[in-house]
Amino acid sequence: MTKIVNHWIGGKTAEGASGTYGPVTNPATGEVTTKVAFASVEEVDAAVAAAKEAYRTWGQSSLAQRTSILFTFRALLDAHRDEIAELITAEHGKVHSDALGEVARGLEIVDLACGINVQLKGELSTQVASRVDVASLRQPLGVVAGITPFNFPAMVPMWMFPLAIACGNTFVLKPSEKDPSASVRLAELLAEAGLPEGVFNVVHGDKVAVDRLLEHPDVKAVSFVGSTPIARYIHTTASANGKRVQALGGAKNHMLVLPDADLDAAADAAVSAAYGSAGERCMAISAVVAVGAIGDELVEKIRERAEKIKIGPGDDPTSEMGPLITATHRDKVASYVAGAADEGAEVVLDGTGYTVDGHENGHWIGISLLDKVPTTAKAYQDEIFGPVLCVLRADTYEEALDLINASPFGNGTAIFTRDGGAARRFQLEVEAGMVGVNVPIPVPVGYHSFGGWKDSLFGDHHIYGNDGTHFYTRGKVVTTRWPNPADAPSGVDLGFPRNH
């Protein structure tokens, strides 16, 4: 019998009422294992209404109550991390170790939310005028929404809702319909931790559900992670409806390798950053820029390592890379490799047509490595979101920097060098929001914020860290004057000497 994933509204499972369902596939077998209910406008409205009602009390709850629940949730999440990783592998396809890493990075933000007390401290200035004090404080927004992608079905929601609810908001999550089970399990653990009904809700669906959240008058803010075209749409539509928006888009992350770099370390980093999680991550390195005469040697070292990667089902402990999320996406990724030679690239490794014995219907693709890729090639210009690494050549640091800065994306980047002065120049001159120095995937730890520049981010706030707290709260300034107690009305004795 096919499993059905339903909504989570008001602290309990809400069976889909629209009659519309989407398929959820095991990417390793191609088999449809699950149906996910797609929400109607009315079902989205019910989730928002539950969140709005819960906000009446949750928004006034104490910090001690909120953080106590989050501490309990953290313990439950830690105890169930293997179970959640198994759900991710079954529906996304990534290997179990990658799925466990995803849960661990989500836990970092739960840790941050457990200590939210410090970030929510206000400011006070006394005696700005005679008996006048001014205080600044931050208060929650109300109902906020998160729209999250398929590639990190547990981590990206946890980049959002722990901070949002710790700040006193209530939350409606619309996860990817391709791998929805992890989000529902998180909702169940939150309920087990004691989170009041309606504070966290999950609605599944497609554009109908997304558009309703973007236009609903009771939704005060929207967080999004996904592709650049959709991020732009989310930002434009939600902003037009008066909402605060943080919309993180796509990427084409470059790794600059200077002639003095440790080429073995650079090759190791390029392989793990390009092909880990099958390249389905916005922080993947998809373009290596080799400076000077090192290009041929570096490409050969990358090729040697890439050919040894074991591709197989995510639940096989020996697998190092799993399948792609859907057959359609697999075919799209393959098309970039198939057309690369005609666009002037040298195809060093061609992963198209790859299959795994016993799992021939899975969404498989092998490792692809393209060298001497021109900047006009689609394989370079587009975010491929698969295990395809482009290598470009540059004669000088300046040429390489100009190439990187010409990209419309500005999510993450990295430099590999032994020279501190070169690294310092790069981190100041490169136009990207996150920079790694001999670190290939510079995803910040939870207490620093994650976000890119240019077409990789729409909105004013990065996600999690201090920016996350500011996004989920709004400032208020209170100016206070009290009369001198010595001037109390006649007949009222406060124990102060009278002024007259």
Side-chain angles (χ1 to χ4, degrees), residues 228 248-274 279 281-299 301-302 340 343-346 369-384 388-444 448-458 462:
T228 287
L248 281 69
K252 197 71 178 181
N253 303 315
H254 295 72
M255 188 174 110
L256 175 60
V257 183
L258 294 185
D260 72 320
D262 180 334
L263 294 190
D264 286 313
D268 288 339
V271 169
S272 62
R281 50 190 180 189
C282 68
M283 286 299 287
I285 290 295
S286 54
V288 167
V289 185
V291 176
I294 61 168
D296 290 347
E297 184 181 358
L298 177 61
V299 169
K301 289 178 179 293
I302 293 173
E343 293 186 306
E346 179 183 321
L369 175 61
L370 309 178
D371 190 17
K372 300 174 184 174
V373 180
T375 57
T376 54
K378 290 182 179 179
Y380 172 72
Q381 292 182 343
D382 294 352
E383 181 184 33
I384 298 177
V388 180
L389 177 61
C390 296
V391 178
L392 296 89
R393 307 296 186 98
D395 292 330
T396 65
Y397 165 86
E398 287 79 8
E399 180 186 342
L401 180 71
D402 289 344
L403 184 155
I404 295 170
N405 286 347
S407 172
F409 300 106
N411 204 45
T413 189
I415 184 171
F416 275 71
T417 180
R418 291 183 172 94
D419 190 285
R424 184 177 185 277
R425 274 194 60 182
F426 182 74
Q427 69 186 41
L428 293 175
E429 294 173 347
V430 73
E431 296 176 6
M434 293 168 283
V435 182
V437 177
N438 298 316
V439 174
I441 303 181
V443 176
H448 289 267
S449 298
F450 177 108
W453 288 9
K454 299 190 284 188
D455 283 356
S456 295
L457 176 72
F458 299 87
H462 291 190

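Scope of the values below: all heavy atoms of this structure, side chains included, with no hydrogens, waters or symmetry mates.
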Report summary line: Contacts of Pro408 meeting side chain to side chain contact (heavy atoms under 4.5 Å, CB included) (sequence neighbours excluded), chain-then-number -> Asp455
Query raised in the report: Distance-only, no hydrogens or angles: does the Glu383 side chain make a donor-acceptor pair with backbone N or O of Lys252 under 3.5 Å?
Result: no
Query raised in the report: Going by heavy atoms in the side chains, are Tyr380 and Leu370 under 4.5 Å from each other?
Result: no
Query raised in the report: Which pair of heavy atoms, one from Ala266 and one from Val257, lies closest together, and at what distance?
Result: CB-CG1, 4.2 Å
Query raised in the report: So, for Ser449 and Pro444, which heavy atoms are closest and what is the spacing to 0.1 Å?
Result: O-CG, 3.3 Å
Query raised in the report: Is the side chain of Asp419 donor-acceptor paired with the backbone N or O of Gly421 at a distance under 3.5 Å, no angle test?
Result: yes
Query raised in the report: Closest approach of Pro374 and Ala345, non-hydrogen atoms and distance?
Result: CD-N, 4.0 Å
Report task. Evaluate the side-chain proximity of Arg281 to Ile441: yes if any heavy-atom separation is below 4.5 Å, no if none is. Result -> yes
Report task. Report yes if some heavy atom in the side chain of Val299 is under 4.5 Å from a heavy atom in the side chain of Leu369; otherwise report no. Result -> yes
Requested in this report: Decide yes or no on side-chain contact (heavy atoms from CB on, under 4.5 Å) for Leu248 and Phe450, but give the supporting numbers first.
Outcome: CA-CA 9 Å; Leu248 281 69; Phe450 177 108; 3.5 Å; yes
Query raised in the report: Do Asn405 side-chain atoms and Glu431 backbone N/O form a donor-acceptor pair below 3.5 Å?
Result: yes
Query raised in the report: For Thr228 and Phe458, what are the C-alpha separation, side-chain angles and deciding distance, and is it a side-chain contact (heavy atoms from CB on, under 4.5 Å)?
Result: CA-CA 9 Å; Thr228 287; Phe458 299 87; 4.1 Å; yes
Report task. Return the minimal non-hydrogen interatomic distance between Ile384 and Ala379, and the atom names on each side. Result -> CD1-O, 3.4 Å
**Report entry** Ser456 (side chain) donor-acceptor with Gly410 (main chain) under 3.5 angstrom
**Finding:** yes
**Report entry** Evaluation steps, side-chain contact (heavy atoms from CB on, under 4.5 Å), between Asp296 and Arg393
**Finding:** CA-CA 10 Å; Asp296 290 347; Arg393 307 296 186 98; 2.8 Å; yes
Report task. With the side chain counted from C-beta on, respond yes when Thr417 and Tyr397 share a heavy-atom pair under 4.5 Å apart, and no when they do not. Result -> no
Query - Worked verdict on Val437 versus Phe426 for side-chain contact (heavy atoms from CB on, under 4.5 Å) - result: CA-CA 9 Å; Val437 177; Phe426 182 74; 5.9 Å; no
Query raised in the report: To the nearest 0.5 Å, how far apart are CD1 in Ile285 and CG in Leu389?
Result: 8.5 Å
Query raised in the report: With a 6.0 Å cut-off on ring centres, are Phe409 and His254 close enough?
Result: no
Query raised in the report: Is a donor on one side and an acceptor on the other found under 3.5 Å between the side chain of Asn253 and the backbone of Ser286?
Result: no
Report task. Kindly indicate whether the side chain of Glu343, heavy atoms from C-beta on, has any atom under 4.5 Å from the side chain of Val373. Result -> no
Query raised in the report: Can you tell me if Asn411 uses its side chain to pair, donor with acceptor, with the backbone of Ala432 under 3.5 Å?
Result: no
Query raised in the report: Lys301 versus Asp264: any side-chain heavy-atom pair under 4.5 Å?
Result: yes
Query raised in the report: So do Leu298 and Val391 actually touch side chain to side chain, heavy atoms under 4.5 Å?
Result: no
Requested in this report: Could you pull out the closest heavy-atom pair between Ile404 and Lys454, with the gap in Å?
Outcome: O-NZ, 4.4 Å
Requested in this report: Enter the distance from Asn438:CG to Met255:CE here, rounded to the nearest 0.5 Å.
Outcome: 9.0 Å
Query raised in the report: Between CG of Leu258 and CZ of Phe416, what distance do you get to the nearest 0.5 Å?
Result: 11.0 Å
Report summary line: Rounding to 0.5 Å, atoms CD (Glu429) and CZ (Arg424) come to a distance of 10.0 Å
Requested in this report: Indicate the atoms forming the closest heavy-atom contact of Ile302 with Ala270, along with that distance.
Outcome: CD1-CB, 3.9 Å
Query raised in the report: Do the non-hydrogen side-chain atoms of Ile294 and Pro259 ever get within less than 4.5 Å of each other?
Result: yes
